[in-house]
Structures are given as structure tokens and as C-alpha cells.
Amino acid sequence: MNLTHFNLASAAEAQHSIDHCVALPDWAAGLVDARPFSSLDALWLKADALAQAWDEAALNQALSAHPRIGERAPGTGKEAELSSREQGQVNPADTALAQALRAGNAAYEQRFGRVFLIRAKDRSGEQILAELRRRLLNDAQQEQREALQQLREITLLRLKETFR
Ligand SMILES: NC(=O)NC1=NC(=O)NC1=O
């Protein structure tokens, strides 16, 4: 996808071209409605501005499309493929790491009532585990802020990849 095509496409085609970035159709619709964009930077800015409005309900809805860290995404869709690629540095053969992530994910879900979300791209399994353990100490409000920031990062990375 390039910017000219995105600007000129039908609303349906434009929305479909970015719906794998996050499972929040309103976000994609907001971007489609804001066309035409004069530059990619303008597109990134609008995408981030729309994402700043996300609240706990948006976070919980978006999590439906993000498998747990260390788990392979179910299904074969675009999101599943992206999730697997993003988690590429989490070595599934490292059983101690996998076990620690499983335990950490369970503790996180027990404490915060939702799946632990982190921008996994460019992070090693050990870095992810360290972040998981650090964030387990957050209070609910701080953790919601951090989880939303990670969702924004994942979404913007996927959007930028779409236009690469
Ligand atoms: N639970 C997660 O953090 N999942 C994910 N992080 C990513 O960067 N991609 C995912 O699917």
C-alpha cells in the first residue's frame, strides 16, 4: 500500500488495508475519514492522535486479536502472522523462558484481569520477561496506561509496515 493509493481508494478498500493494525474498527474508520493525507508523517500523526483516545474498553477489545506472549497465535489470518513475526525473538525452544513467561502471564492475568500486552518487536524473550515482572508491580491505573502505550506502539508499527 502506498499513500496515493490509500488516499484514492474506496473507503472500504482503505479500511480493509489497515484493519490488521488493531482490532478497533473505529480507529481505522477515523483514519479513512481523515483522508487525503499530504504525507506519511501526517498519517502517523493522525493515527497516534486517534489512538490517544483509547480507554480500557478499547484495550480489552483490542486484546482479542493479540495472543499471549510466548504462545503461537491461533488461526492463519494476517494478525496471527504478524503476531508470530513480532514475537520472533522469543525462542520457543528455550523451555525455561517459556515456563517463566507462562507463569508471568498467569500472574498478570490474575492481578489485572486481562492478557499482558507488550510491543514484542525488537525485544528479546528475556527483555519481555523483565518488563512483565516490572509491570506486575504496577497499580491498576499505571498498568492500564502502560498497556495502552504498548498497544499504540504495536498499532503504529503495523501501520508503518503496511506503507513500507
Ligand atoms: N500479548 C502480546 O503482547 N502480544 C503481542 N505483542 C506484539 O507485539 N504482538 C502481539 O501479538
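For the numbers below, each heavy atom of this structure counts, side chains included, while hydrogens, waters and symmetry mates do not. Just so you know, ligand 1 is whichever comes first in the structure, and atom 1 is the first atom listed for that ligand.
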Hydrophobic cluster (4.5 angstrom, side-chain heavy atoms) - remaining members for Y108: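 ILVMFWY cluster around Y108 also holds I69, V90, L97, L101, F112, F116, I118, I128, L129, L132, L136.
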Going by side-chain heavy atoms closer than 4.5 Å, which hydrophobic residues are tied to L8, directly or by a chain of links?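 Answer for L8: none, a lone residue.
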Return a table of N or O atom pairs, ligand 1 on one side and protein on the other, at distances under 3.5 Å, rounded to 0.1 Å.
from, atom 1, to, atom 2, distance (Å)
ligand 1, 1 (N), P67, O, 2.8
ligand 1, 1 (N), F116, O, 2.8
ligand 1, 3 (O), I118, N, 2.9
ligand 1, 3 (O), I118, O, 3.2
ligand 1, 4 (N), P67, O, 3.1
ligand 1, 6 (N), I118, O, 2.8
ligand 1, 8 (O), I118, O, 3.3
ligand 1, 8 (O), A120, N, 2.9
ligand 1, 9 (N), E86, OE1, 2.6
ligand 1, 11 (O), H66, ND1, 3.3
ligand 1, 11 (O), S83, OG, 2.7

Out of E79, E86, E153, which residue meets the side chain to side chain donor-acceptor pair (under 3.5 Å) rule with R158?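 Considering E79, E86, E153, a side chain to side chain donor-acceptor pair (under 3.5 Å) with R158 is found only for E86.
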Within one Ile-Leu-Val-Met-Phe-Trp-Tyr cluster: L117 and L82, side-chain cutoff 4.5 Å: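 L117 and L82: separate clusters.
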Indicate the atoms forming the closest heavy-atom contact of N7 with P36, along with that distance.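 Closest approach of N7 to P36, heavy atoms only: OD1-CA, 3.1 Å.
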Quick one: side chain to side chain contact (heavy atoms under 4.5 Å, CB included) partners of P25, sequence neighbours excluded?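 Residues passing side chain to side chain contact (heavy atoms under 4.5 Å, CB included) with P25: Q15, Q61.
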